Amino acid sequence: MSYLLLKDLFKRSSELMDTPVSIAGWIRTLRVSKNLGFIEINDGSFFSGVQIVFQDTIPNFEAVSKLGTGSAIAVNGKVVASPGKEQAFEIAADAIEIVGACDSDYPLQKKRHSFEYMRTIAHLRPRSNTFSAVFRVRSLLAHAIHTFFQDRGFVYVHTPIITGSDCEGAGEMFRVTTLDPKTPPLTDTGAVDFSKDFFGKETNLTVSGQLAVENFCMAFRNVYTFGPTFRAENSNTPRHASEFWMIEPEIAFAGIEEDMRMAEDMTKFIIRFVLERAPEEMKFFNAMIDKGLLERLELVASSDFGRVTYTEAIELLKKSGRTFEYPVEWGSDLQTEHERYLTEEVFKKPVFVIDYPKEIKAFYMRQNDDGKTVAAMDLLVPGIGELIGGSQREERHDLLLRRIEELGLKKEDYWWYLDIRRFGGCPHAGFGLGFDRALMYLTGMTNIRDVQPFPRTPKNAEF
RNA sequence: UCCUCGUUAGCUCAGUCGGUAGAGCGGGUGGCUGUUAACCACUAGGUCGGCAGUUCAAGUCUGUCACGAGGAGCCA
C-alpha cells in the first residue's frame, strides 16, 4: 500500500484535480454535523494539512465522527476544488480507514500551547505546527551544510564521540566508563584506577572535534566534521544544551582571510538554501515567531560582511557614548551587549571581528606578528551576536609548544596534535558553528530546547 | 552556580482585605448539510507543587525544598 505524501499532493494539486488519491496522516482537527464532516490531516511531509470532506454515505460514518485529534487515518478519495475560503482544494472521501484511534487524553489541543508545556510532551510536539516546521527546517539545514561542503570538495570526517584526550579544553566533560561506581578498582594511592576501565584510560564524550579534524586536514586539505558534542557545564540558559551539534570545517594551505570567506559564503548559502526550500515554514516563522525574521535573513544573505579588528572595535565602543553594563577595555572579552551594538548599530549587518588579544583566546590560535594578538575571528550577526568563532591555527611547532607550556597544559597530552606541526605542517584555519544556534537564528526560535528533538539540559533527560 | 519571577482542573489562566475554588479551551453526552481554533445545549473533572510554621481560619502570610522560566556567568 502506498499513500501519496501531502508534499506531493500540494505540488501536483492542479494536475491531480478530479482524480482519485490515497493519503494517510494524523488528524489535526475534526468537525462534524449530522451527515457530513470535515477532517484536517497532516502527514508531516508538508507545512499545510489537507481538508477531508466525508458524508454519511461512507460505511463507518459514526465511528469516524467520533475520532479525536491525533488519530491516524488513511483516506481514499478524490481531489476536488474546495468551496471553502481557507483552501483551494480538498479530498472528497470515498472511504476512511481508522488506522490508529487516539485516546481522549491526547495532550495536544487545537489551540496554542506554551513552549514550556510542549517540552514536557517532547514525544508529541513534532505533530504541532511550530515544531513540525522547526524539525523539517532542522533536517533541511543539515542538508544545506552537507551540500555546501560536499559541493566544494570537502571531505566529511567522523571525528570520535568518545575521546581519550581530556585536553580539548572547552569546559566540563561527561565521563565514559564501565567501572562500577560503587566499587571501582583503586590504585595504591586510593584513586580510581582507570587503567582497569574499558579503554584502559580515562575517556569522555567529546566537547569538540577540532583537534581531530585538524589532523585530517593535513591529509585531505579541505575537511569538515559535523556531529554531536557534549558539555557537562551547569548552564541554565536558552542558548545552552548539554548535547548539541557542531559544524567544524578546516582548510589547509589557507589563512584567516580564506577562513572568513568560507564562513561568509557558508552563512549566505545556508540561508538561501532554507529560504528557497522551506518557504511555507519560513513564512510561518516570520508571521508567528519573529516578525523581522525574513527581512533580517535577506539582509544577511545579500550584504558584504563587515571587517573590524578587535582593537578598532574597542575604539568604536569607547567612542559610542553608550554606557554598557560591562566596561569596555582592551584585553577583556566582548560581551553580548558589545557584540550586538557593533553588528546592529554600528555596522547594521554581519561583521567579522579579528585579531583578538591572545590572552582571551585558545592556545591553538596563530600568533600575529605584533606578539599581542592572535588570528582569531568571530562572526557577529544582528539579532543574536556571535554566530561563528574561528581562527588560523598555530602551525609553528615551537610557538605552539611555548603557548602550551605558558598556559600550564601538559605537552604529553598533545603529542599527536603537535606531531602534525613536525610532519609537513602548513598554514591552516577553521571555524566552529553551533548547529542548533544556527537553527535558532534561521527560525527565530529563542530557546535551544525548542529546536532540538529531545533536548538534554541540566536535570532533564526524560525522553 | 548566582539573581529575579513563577507553580491553582488535562491545557491557558483568574481568584479582591486571610473566611473551604472560577472561566475559556479540551473531555463526555445530545443537536446541527459546507465547516476553518466551527457552532448551540447539558455534564464530569481540584490534596491550590511538597513539607513545616503563623492564625479561630491559609490558594492567599512566613520559612524551606523541588521543579519551571527569564537574566548573568561559561560558551557553541
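What you see is a predicted model; the values in this text were computed from it and never measured. Naming: A, B, ... by sequence-line order, numbering from 1 per chain.
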(request) Scan nucleotides 41-49 of chain B nucleotide by nucleotide, 5' to 3', and note B when protein non-hydrogen atoms come under 4.0 Å of the base, S if they reach only the sugar-phosphate, - if neither. (result) ---------

(request) List the protein contact pattern of nucleotides 31-37 of chain B with one symbol per nucleotide (5' to 3'): B for base contact, S for sugar-phosphate-only contact, - for none; contact means a heavy-atom distance under 4.0 Å. (result) -BBBBBB

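For the P atom pair drawn from B/A21 and B/G46, the interatomic distance equals 13 Å after rounding to whole Å. Using atom C1' as the reference point in both B/U16 and B/G22, the two lie 14 Å apart (nearest Å). Using P as the reference atom, B/G28 and B/A69 are 31 Å apart when rounded to the nearest Å. Here the separation of B/A14 from B/U8, taken at their P atoms, is 10 Å to the nearest Å. Nucleotides B/A44 and B/G24 have their P atoms positioned 14 Å apart, rounded to a whole Å. Atom name P, nucleotides B/U35 and B/C48: the rounded distance is 44 Å, in whole Å.
Atom pair A/Asp333:CG and B/C74:P shows a separation of 8 Å (rounding to whole Å applied). For the pair A/Glu339 CD and B/A72 P, the computed distance is 12 Å after rounding to whole Å. With rounding to whole Å, A/Glu462 atom CD is found 13 Å from B/C67 atom P. In this structure, A/Tyr117 atom OH and B/U7 atom P are separated by 18 Å, rounded to whole Å. In this entry the distance linking CE of A/Met118 with P of B/G68 reads 18 Å, nearest Å.
Under 3.5 Å, the side chain of A/His113 and the base of B/C11 form no donor-acceptor pair of N or O atoms.
Of the options A/Phe226, A/Tyr441, A/Phe244, a ring pair (Phe, Tyr, Trp, His ring centres under 6.0 Å) to A/Phe435 is made by A/Phe226 and by none of the others. For the side chain to side chain contact (heavy atoms under 4.5 Å, CB included) test with A/Arg12, the passing option among A/Thr19, A/Val79, A/Leu4 is A/Leu4; the others fail.
Rounding to the nearest 0.5 Å gives a distance of 8.5 Å between OG of A/Ser320 and NE2 of A/His338.
A/Lys268 forms a cation-pi arrangement with A/Phe305, by the criterion of a distance under 6.0 Å to the ring centre and an angle within 45° of the ring axis.
Among the atoms of the strands shown, only primed sugar atoms or phosphate atoms (P, OP1, OP2) are found under 4.0 Å from some heavy atom of A/Arg449. No contact: A/Leu108 has no heavy atom under 4.0 Å from any strand. Within 4.0 Å of A/Ala438, counting heavy atoms only, lies no atom of the nucleic acid at all. At a threshold of 4.0 angstrom between heavy atoms, the contacts of A/Tyr441 with the nucleic acid are absent.
The side chain of A/Arg239 has B/C74 as its nearest neighbour among B/C74, B/G68, B/U12.
Using the six-membered ring where Trp is involved, A/Tyr417 and A/Phe363 have ring planes that are perpendicular, over 60° apart on the 30 and 60° scheme. Ring planes of A/Phe284 and A/Phe47: tilted class, angle from 30 to 60°. Between A/Tyr310 and A/Tyr356, the ring-plane angle classifies as tilted under the 30° and 60° cut-offs.
Under the 6.0 Å cut-off for aromatic ring centres, A/Phe148 and A/Tyr224 do not qualify, their centroids lying 6.0 Å or more apart.
Within 90° of 0 lies the glycosidic angle of B/U20, which makes this nucleotide syn.
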Polar atom pairs between nucleotides 1-3 of chain B and protein, under 3.5 Å, N or O only, would you list them?
residue, atom, partner, partner atom, Å
B/U1, OP1, A/Asn234, ND2, 2.6
B/U1, O4, A/Asn234, O, 3.3
B/U1, O4, A/Asn236, N, 3.4
B/U1, O4, A/Asn236, ND2, 3.1

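Salt bridge status for A/Arg119 with A/Asp450: present, with a side-chain N to carboxylate O gap under 4.0 Å. Salt bridge A/Arg261/A/Glu257: absent, no basic N to carboxylate O contact under 4.0 Å.
Enclosure of atom CZ in A/Arg307 by more than 12 non-hydrogen atoms of other residues, nucleotides or ligands within 6.0 angstrom is indicated. The number of heavy atoms from other shown groups lying within 6.0 Å of CD (A/Glu406) is above 12.
Side-chain N or O atoms of A/Asn286 include one that pairs as donor or acceptor with a backbone N or O of A/Leu293 at under 3.5 Å.
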